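Start at 1 and go down the list; that is how both ligands and their atoms are numbered. Remember, predicted model here, so these are calculated numbers, not experimental data.
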Amino acid sequence: MREMIKVALPKGRLYPMAAAAFARVSLGCPELLNPMRKLTYTDAEGGMEYLFVKPGDVPAYVEYGAADMGVTGKDTLLEEGRDLSEAMDMGFGRCRVVVAGLCGQKGRYDGIYGKRIATKYPNIAKRFFESVKGESVEVIRLSGSIELAPLAGLADAVIDLVDTGETLRENGMEVYETVAAVSARLVVNGVSMKMKGRRVKEIIARLGGGQ
Ligand code: PRP
């Protein structure tokens, strides 16, 4: 029997593209494209086992070796700061991490000392303001609907993902500064890279990476 490779796939907006990429590697497996409420799926013939996890949890599964590899956004990797080898840019999920706030308020924002920043990326926010800009800020951690914070008077600005820009437009907000360009990445466990190197490299090649 083939050596099994465990892959952590991110539920949420990256899932359809990540699943389609691995469905090609696994030669078919329609179950991967519609996992319903299942948490794992085994493609015994292809020697693959898939774990369906929250995008922010992918780095932990891969770092601890519960998965040999995983797909997650570069935003998550920047936030988690774990010791993982990034094997390839998957070429989808391209968007930006930005500082955004109310339209026409950038001047006011620039003048605030000790800005309040709402975000689901507290580490990225601290690093950007404190290390890159040399500015001390108060970071308010939220778990979703981040753009509501400036509208409701909770924060002076947000650090969040902007993809189409629709959420900002719909809510009278604009980008103040770009923090990072991000996309989906394939990360690989260091031990798996050594112990299962041949298969890991073969999968990376079939996903279109490794040149
Ligand atoms: C993300 C992000 C923005 C939005 C950006 O939120 O946090 O709110 O998408 O996309 P857009 O530029 O295409 O409008 P998500 O939909 O993941 O939900 P959340 O508010 O629960 O984080």
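A donor atom on one side chain and an acceptor atom on the other are not found under 3.5 Å apart for Thr167 and Arg169.
Distance check: Asp68 CG to Ile5 CD1 gives 4.5 Å after rounding to the nearest 0.5 Å. One finds the CD atom of Glu147 at 11.5 Å from the CG atom of Leu102 (value rounded to the nearest 0.5 Å).
For the ligand labelled ligand 1, residue Lys120 lies inside the 4.0 Å heavy-atom shell.
Counting heavy atoms closer than 4.0 Å to ligand 1, residue Asp160 contributes side-chain atoms (C-beta onward) but none from N, CA, C or O.
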Could you walk me through whether Phe129 and Val99 pass side chain to side chain contact (heavy atoms under 4.5 Å, CB included), step by step? CA-CA 10 Å; Phe129 282 101; Val99 180; 4.1 Å; yes
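Inclusion of Ser143 in the set of residues having an N or O under 3.5 Å from an N or O of ligand 1 is not warranted. Taking only nitrogen or oxygen atoms, main chain and side chain alike, Gly165 reaches within less than 3.5 Å of ligand 1.
Protein heavy atom nearest atom 13 (O) of ligand 1, with residue, atom name and distance: Thr164 OG1, 2.5 Å. Scanning the protein for heavy atoms near atom 5 (C) of ligand 1, the closest one is Leu161 O, 3.5 Å. Closest to atom 19 (P) of ligand 1, if we only count protein heavy atoms, is Ser145 N, 3.8 Å. Atom 21 (O) of ligand 1 has as its closest protein heavy atom Gly144 CA, 3.8 Å. Ranking the protein heavy atoms by distance from atom 1 (C) of ligand 1 puts Arg13 NH2, 3.4 Å first.
Arg82 places no side-chain N or O within donor-acceptor distance of the main-chain N or O of Val62, the cut-off being under 3.5 Å. Looking only at distances, a side-chain donor or acceptor of Glu174 sits under 3.5 Å from a matching main-chain atom of Gly104.
Just one of Asp163, Asp89, Asp75 meets the salt bridge (charged side-chain N to carboxylate O under 4.0 Å, His left out) condition when paired with Arg94; it is Asp89.
Using the six-membered ring where Trp is involved, Tyr50 and Tyr41 have ring planes that are parallel, under 30° apart on the 30 and 60° scheme.
Between atom 14 (O) of ligand 1 and the options Thr167, Asn171, Val162, the minimum heavy-atom separation is to Thr167.
For ligand 1, the atoms closer than 4.0 angstrom to any heavy atom of Glu147 are 3 (C), 8 (O).
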